[in-house]
*Asks:* 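Let me give you the structure first, and then I'll get to my questions.
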Amino acid sequence: MWKGLIHQYSQLLPVTEKTPKLSLQEGNTPLIPLETLSEKWGIDLYVKYEGANPTGSFKDRGMVMAVAKAKEDGSEAIMCASTGNTSAAAAAYAARAGLRCIIVIPYGKIAMGKLAQAVMYGAEIYAIEGNFDNALQMVRNLSEVSPITLVNSVNPYRIEGQKTAAFEVCDQLGSAPDVLAIPVGNAGNITAYWKGFQEYHDLYKTGLPKMHGFEAEGAAAIVRNKVIENPETIATAIRIGNPASWDKAVEAATTSNGKIDEVTDAEILDAYQLLAQTEGVFAEPASCASLAGVKKHLDSGEIKKGSKVVAVLTGNGLKDPNCAIDTANFSPIQLPNNENVLFDHILGRVAH
Ligand code: F0G
């Protein structure tokens, strides 16, 4: 039976006998081959489906480690700024560990499913009239003058937990892929994957992928090489204008011969629908920046035909139901409660 990341990777994580065996059985997520798109695009394409984690995003990997260490160190409260997923994971693991959880979010800019999670797990929620970058600055400042443990990805235990996804990719494929495509927001996850691939390669000679990170065009601070004061994108999870792990993301891309690039909201939404409709895989919009980026780099020749490519799908599509309904332009065909009328429609006897 799978017992979660702290159990599975205790040798490769900062775990001691005193570390609580905290777990919601996170990790061990599917690596799904995209057969139709592989054929169409002439590559060997897989997605690492992080939406299968207990709170529906990759954040559970980092949070289990950060919360376990906070508990081990005697902390009674954790705190984070969030575009939604970090707060959902923090709230869940805090509930599990019996800690107080404080979350600070940008008012009106987090997806409904994520907010519902934080509410259900019993977090204290503060919604500021500012963006994620403002919220992060505030909680960083507060953590310096209070005993509350900060669990954003500037907490090194978050990166430690999240690096396990790279271990799993290597185990699932038998080696690292040629290219790892990943959305970039605050830039913690690309940092974590690169650390994980390097550590696994040092131990087991699994090889190193080229790291291709993708920001949303309206929040592409790293690509533009300047802080974006008012980031905007449909992909609210990566609506971040001043990534905390900026330098580490650049280092991952540069040393791996990869690239940090940007994708437009239109490209993100195309990938979002394509993924669901041709492969049966539903991931939230920010996640689809990775797939949109793969398409962009195939078209530009920056990913070669025949490459083995893994795109990380960071969060579950159900996190943001409003985006799905709105972008699909969906309005139901409303019918009376009458079998004959229904049959006429289904069997094409009525023009739509
Ligand atoms: N994808 C999703 C679904 C996310 O929620 C995030 C970050 C990212 C990608 C980007 O990861 O920040 O490590 O580069 N969400 C954070 C949050 C900021 O608060 O949930 P990153």
Side-chain angles (χ1 to χ4, degrees), residues 5 9 12-14 26-27 29 48 50 53 57-66 69 80-83 85-86 89-90 132-133 136 139-140 150-170 176-177 179-203 206-216 219-223 225 227 231 235 237-262 286-287 289-290 293 310-315:
L5 295 175
Y9 296 111
L12 303 174
L13 292 171
E26 61 293 319
T29 57
K48 183 67 171 156
E50 290 292 277
N53 276 301
S57 88
F58 72 97
K59 304 288 183 179
D60 294 343
R61 296 180 183 274
M63 205 54 75
V64 70
M65 200 64 240
K69 291 308 266 190
C80 65
S82 183
T83 57
N85 282 323
T86 299
F132 170 84
D133 303 289
L136 181 59
V139 294
R140 287 179 91 156
L150 185 64
V151 294
N152 279 103
S153 58
V154 291
N155 177 326
Y157 296 123
R158 282 278 313 278
I159 303 297
E160 288 300 308
Q162 284 172 215
K163 76 184 181 188
T164 59
F167 301 164
E168 290 179 17
V169 168
C170 291
V179 173
L180 191 283
I182 185 166
V184 174
N186 212 24
N189 210 26
I190 189 171
T191 303
Y193 267 84
W194 182 234
K195 187 169 197 282
F197 282 122
Q198 287 176 299
E199 288 182 9
Y200 230 48
H201 180 60
D202 288 347
L203 285 170
T206 37
L208 294 171
K210 294 189 169 86
M211 302 293 289
H212 290 228
F214 297 95
E215 298 182 293
I222 301 174
V223 175
N225 199 25
V227 171
I238 53 171
R239 186 174 167 272
I240 295 174
N242 188 12
S245 299
W246 187 317
D247 294 346
K248 289 183 183 135
V250 171
E251 189 191 314
T254 312
T255 53
S256 71
N257 288 317
K259 186 177 183 181
I260 309 285
D261 206 344
E262 62 187 15
S287 297
S290 61
V310 170
V312 181
L313 296 179
T314 44

*Asks:* Under 3.5 Å, is there a donor-acceptor pair between the S153 and R158 side chains?
*Replies:*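 No pair is found: no donor N or O on one side chain lies under 3.5 Å from an acceptor on the other.
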*Asks:* Verify, without hydrogens or angle tests, whether K210 (side chain) and A253 (backbone) share a donor-acceptor contact under 3.5 angstrom.
*Replies:*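 No, because the side chain of K210 does not come within donor-acceptor range (under 3.5 Å) of the backbone of A253.
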*Asks:* Using every non-hydrogen atom in the two residues, find where L5 and G161 come nearest and quote the distance to one decimal.
*Replies:*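 That would be CD1-O, 4.2 Å.
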*Asks:* Salt bridge between R61 and E50, side-chain N to carboxylate O under 4.0 Å?
*Replies:*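 So R61 pairs with E50 through a salt bridge.
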*Asks:* With no hydrogens and no angle check, do the side chains of T314 and S287 hold a donor and an acceptor under 3.5 Å apart?
*Replies:*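 The answer is yes; a qualifying pair exists.
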*Asks:* State, with a plain yes or no, whether a side-chain heavy atom of P231 is found less than 4.5 Å away from one of I240.
*Replies:*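 Sidechains of I240 and P231: no contact.
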*Asks:* Show the nearest heavy-atom pair for residues L208 and A176, with the distance to one decimal.
*Replies:*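 Heavy atoms of L208 and A176 come nearest at N-CB, 4.2 Å.
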*Asks:* I'd like to know if K195 and E160 make a salt bridge, using a cut-off of under 4.0 Å between side-chain N and carboxylate O.
*Replies:*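 Salt bridge present between K195 and E160.
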*Asks:* Does a side-chain heavy-atom distance below 4.5 Å link F214 with P183?
*Replies:*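 Side chain of F214 against side chain of P183, heavy atoms only: no contact under 4.5 Å found.
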*Asks:* How long is the straight-line distance from OG1 of T164 back to CD of E199, given to the nearest 0.5 Å?
*Replies:*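 Nearest 0.5 Å value for the CD-OG1 distance: 11.0 Å.
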*Asks:* Of all the heavy-atom pairs spanning G185 and P243, show the shortest one and how long it is.
*Replies:*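 Closest pair (atom of G185, atom of P243, distance): O-CB, 3.4 Å.
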*Asks:* Are the side chain of K59 and the backbone of G315 linked by a donor-acceptor contact shorter than 3.5 Å?
*Replies:*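 No, because the side chain of K59 does not come within donor-acceptor range (under 3.5 Å) of the backbone of G315.
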*Asks:* With a 4.5 Å cut-off on side-chain heavy atoms, are N155 and N152 touching?
*Replies:*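 In short, these two side chains do not touch, never coming nearer than 4.5 Å.
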*Asks:* Any donor-acceptor pair under 3.5 Å linking the side chain of E215 with the backbone of V223?
*Replies:*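 Pair found, side chain donor or acceptor close to backbone of V223.
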*Asks:* Any side-chain donor paired with an acceptor under 3.5 Å for E26 and N53?
*Replies:*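 No pair is found: no donor N or O on one side chain lies under 3.5 Å from an acceptor on the other.
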*Asks:* Measure across M65 and P14 and return the closest heavy-atom pair with its distance rounded to 0.1 Å.
*Replies:*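 It is CE-O, 3.9 Å.
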*Asks:* Is there a donor-acceptor pair under 3.5 Å between the side chain of D133 and the backbone N or O of G241?
*Replies:*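 Present.
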*Asks:* Does T206 reach the side chain of Q198, with side-chain heavy atoms less than 4.5 Å apart?
*Replies:*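 No - every pair of side-chain heavy atoms lies 4.5 Å or more apart.
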*Asks:* Could you tell me if the side chain of L313 sits less than 4.5 Å from the side chain of F58, heavy atoms only?
*Replies:*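 When only atoms from C-beta onward are counted, L313 and F58 do not touch, as no gap falls below 4.5 Å.
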*Asks:* Does K163 reach the side chain of Y9, with side-chain heavy atoms less than 4.5 Å apart?
*Replies:*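 When only atoms from C-beta onward are counted, Y9 and K163 do not touch, as no gap falls below 4.5 Å.
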*Asks:* Backbone N or O of A187 within a donor-acceptor pair of the T191 side chain at under 3.5 Å?
*Replies:*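 Confirmed, T191 side chain pairs with A187 backbone.
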*Asks:* Would you say that C170 contacts F167 through its side chain, given a criterion of any heavy-atom pair below 4.5 Å between the two side chains?
*Replies:*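 Result no, sub-4.5 Å side-chain heavy-atom pair not found.
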*Asks:* Show your reasoning for whether side-chain contact (heavy atoms from CB on, under 4.5 Å) applies to V184 and I222.
*Replies:* CA-CA 9 Å; V184 174; I222 301 174; 4.1 Å; yes
*Asks:* Between N186 and A244 (side chain of the first, backbone of the second, donor and acceptor by atom type, cut-off under 3.5 Å), is there such a pair?
*Replies:*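 Yes, N186 side chain to A244 backbone: donor-acceptor pair under 3.5 Å.
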*Asks:* If you apply the rule side-chain contact (heavy atoms from CB on, under 4.5 Å), what do you find for W194 with T255, and how did you get there?
*Replies:* CA-CA 10 Å; W194 182 234; T255 53; 3.4 Å; yes
*Asks:* If you measure from CD1 on I159 to CG on N189, what distance do you get to the nearest 0.5 Å?
*Replies:*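 Nearest 0.5 Å value for the CD1-CG distance: 7.5 Å.
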*Asks:* Would you please name every residue forming a ring-ring contact (aromatic ring centres under 6.0 Å, His included) with F132, sequence neighbours left out?
*Replies:*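 Partners of F132 by the ring-ring contact (aromatic ring centres under 6.0 Å, His included) criterion come out as none, since no residue qualifies.
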*Asks:* Measuring from atom NE2 of H212 to atom CG of N257, what distance do you get when rounded to the nearest 0.5 angstrom?
*Replies:*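 Going from NE2 on H212 over to CG on N257, the span is 8.5 Å.
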*Asks:* Look only at the side chain of S290 and the backbone of V312, and say whether a donor-acceptor pair between them is shorter than 3.5 Å.
*Replies:*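 Flag set: sc S290 to bb V312 pair under 3.5 Å.
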*Asks:* Apply side-chain contact (heavy atoms from CB on, under 4.5 Å) to Y157 and L13, showing your working.
*Replies:* CA-CA 9 Å; Y157 296 123; L13 292 171; over 6 Å; no
*Asks:* Please assess I238 against T83 for the test side-chain contact (heavy atoms from CB on, under 4.5 Å), listing each intermediate value before the final yes or no.
*Replies:* CA-CA 7 Å; I238 53 171; T83 57; over 6 Å; no
*Asks:* Report the distance from atom CG of L136 to atom CG of N242, rounding to the nearest 0.5 Å.
*Replies:*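 Between atom CG of L136 and atom CG of N242 there are 8.5 Å.
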*Asks:* For H201 and G207, indicate whether the former's side chain and the latter's backbone hold a donor-acceptor pair under 3.5 Å.
*Replies:*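 Between the backbone of G207 and the side chain of H201 there is a qualifying donor-acceptor contact (under 3.5 Å).
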*Asks:* For the residue pair K48 and Y193, establish whether any side-chain heavy-atom pair is separated by less than 4.5 Å.
*Replies:*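 In contact.
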*Asks:* Tell me the closest heavy-atom pair linking E262 and A220, and the distance in Å.
*Replies:*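 Heavy atoms only, the tightest pair is OE1-CB, 3.2 Å.
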